[in-house]
2 protein chains.
Amino acid sequence: MDSLNPHALLPQRSAIAEAANVQALGAESWQALMRGPALGDAELKALNRIAWLRSLPAGAMVFSRDQQASKLVAVLCGAVGLGQLRHDQPFHLERTVRGPAWLDLASAWIGGCHVQDARVLTPAQLLELDVDAVREMLARQPAMAERLLACMALNVHSLTGVTHDLMHKDAEKRLAAWLLQLSRRSAEGPDVVALGERKRDIAAQLAITPETLSRMMRQLKLKGLIEVQGYSVRLLDLAALATLAAD
Amino acid sequence: MDSLNPHALLPQRSAIAEAANVQALGAESWQALMRGPALGDAELKALNRIAWLRSLPAGAMVFSRDQQASKLVAVLCGAVGLGQLRHDQPFHLERTVRGPAWLDLASAWIGGCHVQDARVLTPAQLLELDVDAVREMLARQPAMAERLLACMALNVHSLTGVTHDLMHKDAEKRLAAWLLQLSRRSAEGPDVVALGERKRDIAAQLAITPETLSRMMRQLKLKGLIEVQGYSVRLLDLAALATLAAD
DNA sequence: CGAACCCTTGATACGCTTCAACAAGAGTGG
DNA sequence: CCACTCTTGTTGAAGCGTATCAAGGGTTCG
C-alpha cells in the first residue's frame, strides 16, 4: 500500500510539517553533501534556514523530467533512481543515487527542467534548497559557492566517465569496472561487495539486459575473477579485474 | 609542419607574450562564455585581470588527462577535441568543443586531473583562468559564481543527454538526433547543416565506426529524410527526423 | 605521377538483444 | 496446509545491429 503514494507529489504539506526537523539536521549530513573543509557555524545556520526536508516512500516520484526545476535536490538517506518513466510501465533506470549525495544540483541554475525523472527506490529522506534562497545565501556566504562548484564538478567527472565507458567498453568491461568502483566504497572490505539493488537495475545502469548481466557474471566466475553468492560478490583478483576493465 | 607543434605544451612563454592581448578581449566573448545578464564593467575588468590567452596550432595538445588541473579552460575561437590520446596513434575523439565555449570548467575545482585529453583540431585561441585567482575574484564578485554554476549546469545537462542517447538509442537514432541538434545552431537556416568536421570524427562522437556512419547516411537518404552533397546536408523532413530520433 | 589521405561499399564475424522456457522464493487466499 | 500468482534470476536458441576486414574510387599534395 505504501509502495506508491500519490500524495508524494504534493510537497507543501509534508515539507511544512517537517520544517522543524531541519534544525535537527546534523552537521555531518551537510558536510557530506558540501565536501571541502569543515563547515562553520554561520554556514550551517545559513543552510538550515533555507533547507526543506521531505520523506518519501518507495515508489514515489521525486520530480519528473518536464517539471520546471526551482530547487537543488539532495538525498540524505535511502536510494533514489534517475531515469525515465514511460507510459509503458516499468521505470527505466539510468543511475541510482544513494544518500547522502546530490540528486540534481544542476537544473535549477539554468531555469530549465530536470532532464530526468527521479523515483524513490528505498524509503528516502530528501533535502531541497530553493535556488533563489541559495542565491541570496551565496551573496552573504561567498565561500559556499566554491563548495557547490566542486560538487557539480564531481558530477561532471562522473558523467564524463560514464559516457567514456559507454563509448569504448563492452559489457564485460563495464561490469568489471562497476564492481571495482563498488569495491572502493564497500564497507565489508575491498574484496567483498554487496549488490544493493536488483540485478535488473544494475543491468539497466550498465546499459545491458538482465540476461546479459547474468551471462557476464558467469563469465567472470568461470574465469576465476569473482565468486557469487546471491547478492554478495567476492572479488578474487582485483588486479585482473582492473586489467580487464581498462580500455 | 605546423600540424603538430611540440612547443604547444609549454604555455608560459606564449602566455606571457600574449598577456597584452587580454585587454583587447571583447565583451562579447566574455558574455558568450558567462551567459546570463550583461556583464558590468567591474566584472569585465576583474575577468580580464586574471585571464591568460594561448594561441595554438592544429594538432597541439591543450592538456592531457593525467595533468593536474589548475585552470578553467575555454575555447574562444577554433575547435578543440576532447577524447583520449593513445600510444597507439590516432586520437580517439569523444566530443568537440567549438569556441566560444568552456572546454573544462570542472576539473580545477576539485584539484584533480582533467579526465580527458584535449587536442586542437582547428587553429584555436584558448583562454585560461587560474582557479585560485578565480576564487579570489569570487570573493569580490559573488554574482560571478552564479554564472559559473549555470555554465557547469549546462555542461551537466549536455552530458546527461549524451549518456541517455548512448544507453537507449541505436546508431540511426543518434545520427538523426545529432543532425537535428546541429540544425538548431545552423547559420544557414534550420534545414541545411554544414558538417564542420571529418566524417570519421562525427562517427567517433556518435560512438560508431565511419563505415556505419556512411551506411546510416545512405539509409536516411533512401528514406527521403535528408539530401547529402559532400559536407552539406539538407534536412528534408524535420518532423520525421524528430520522430525517428525520439526514443 | 605516386603517395597519402578520405569516404564509400560489400562480405563476414561477433556482441548483445530478444524471445521463450524454467526454477526459486514471497505473498495471498482458499 | 497447499495451490496460486507474481516477481526475480537463470539458461538456451535465434536474430538484429554494428564492428571488422578488405577493396576501390576520389582528392590533394609533393
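Proteins get letters first, then strands, A, B, ... in listed order; numbering begins at 1 in each. Note that the coordinates shown come from a computational prediction; the quantities given were computed from them, not determined experimentally.
Closest to the side chain of B:Arg198, out of C:dT8, D:dT11, C:dC6, is C:dC6. The side chain of A:Lys199 approaches D:dT10 more closely than any other nucleotide in the set C:dT8, D:dT10, D:dG17. Checked against D:dG12, D:dT8, C:dC6, the side chain of A:Arg218 finds its nearest nucleotide in D:dG12. The side chain of A:Thr212 approaches C:dC16 more closely than any other nucleotide in the set C:dT9, C:dC7, C:dC16. Considering only side-chain atoms of A:Arg200, the nucleotide from C:dC16, D:dT8, D:dA22 that sits closest is D:dT8. Out of D:dT11, D:dT20, C:dC16, the shortest distance to the side chain of A:Glu211 is found at D:dT11.
Distances shown here put every side-chain N or O of B:Tyr231 at or beyond 4.0 Å from the OP1 or OP2 atom of C:dC6. For the OP1/OP2 pair of D:dT18 and a distance below 4.0 Å, the side-chain nitrogens and oxygens of B:Thr209 include no atom meeting the criterion.
No donor-acceptor contact under 3.5 angstrom links the side chains of A:Gln125 and A:Arg54, judged on distance only. Side-chain atoms of A:Glu94 and B:His168 form a donor-acceptor pair, as typed in the model, at a separation below 3.5 Å. Between the side chains of B:His164 and B:Asp247, at least one donor-acceptor pair of N or O atoms lies under 3.5 Å.
End-to-end axis angle of the helix from C:dC7-D:dG24 to C:dA26-D:dT5, using five pairs per end and rounding to 10°, comes to 30°.
Within 4.0 Å of B:Ile208, counting heavy atoms only, lie sugar-phosphate atoms of the nucleic acid but no base atom. Within 4.0 Å (heavy atoms only), A:Ala203 reaches no atom of the nucleic acid at all.
Rounded to whole Å, atom P of C:dC16 lies 14 Å from atom NZ of A:Lys169. The distance between atom CE of A:Met216 and atom C1' of D:dG12, rounded to the nearest whole Å, is 14 Å. Note: CD (A:Gln229) to C1' (D:dG9) measures 16 Å, nearest angstrom. Atom CG in A:Leu166 sits roughly 15 Å away from atom P in D:dT18 (whole-Å rounding). Atoms CG (B:Leu206) and P (D:dA19) sit 11 Å apart, rounded to a whole Å. Note: CD (B:Gln219) to P (C:dT9) measures 11 Å, nearest angstrom.
Residues B:Asp201 and B:Arg215 each lie close to DNA chain C; by heavy-atom proximity, the contact nearer the 5' end of the strand is made by B:Asp201.
Side-chain contact between A:Leu159 and B:Thr160 is present, with heavy atoms from C-beta onward closer than 4.5 Å. Looking only at side-chain heavy atoms (C-beta outward), B:Ser232 and B:Val192 come within less than 4.5 Å of each other.
Judged by the 6.0 Å and 45° rule, A:Lys199 forms a cation-pi pair with A:Tyr231.
Taking 4.0 Å as the cut-off between side-chain N and carboxylate O, B:Arg98 and B:Glu197 count as a salt-bridged pair.
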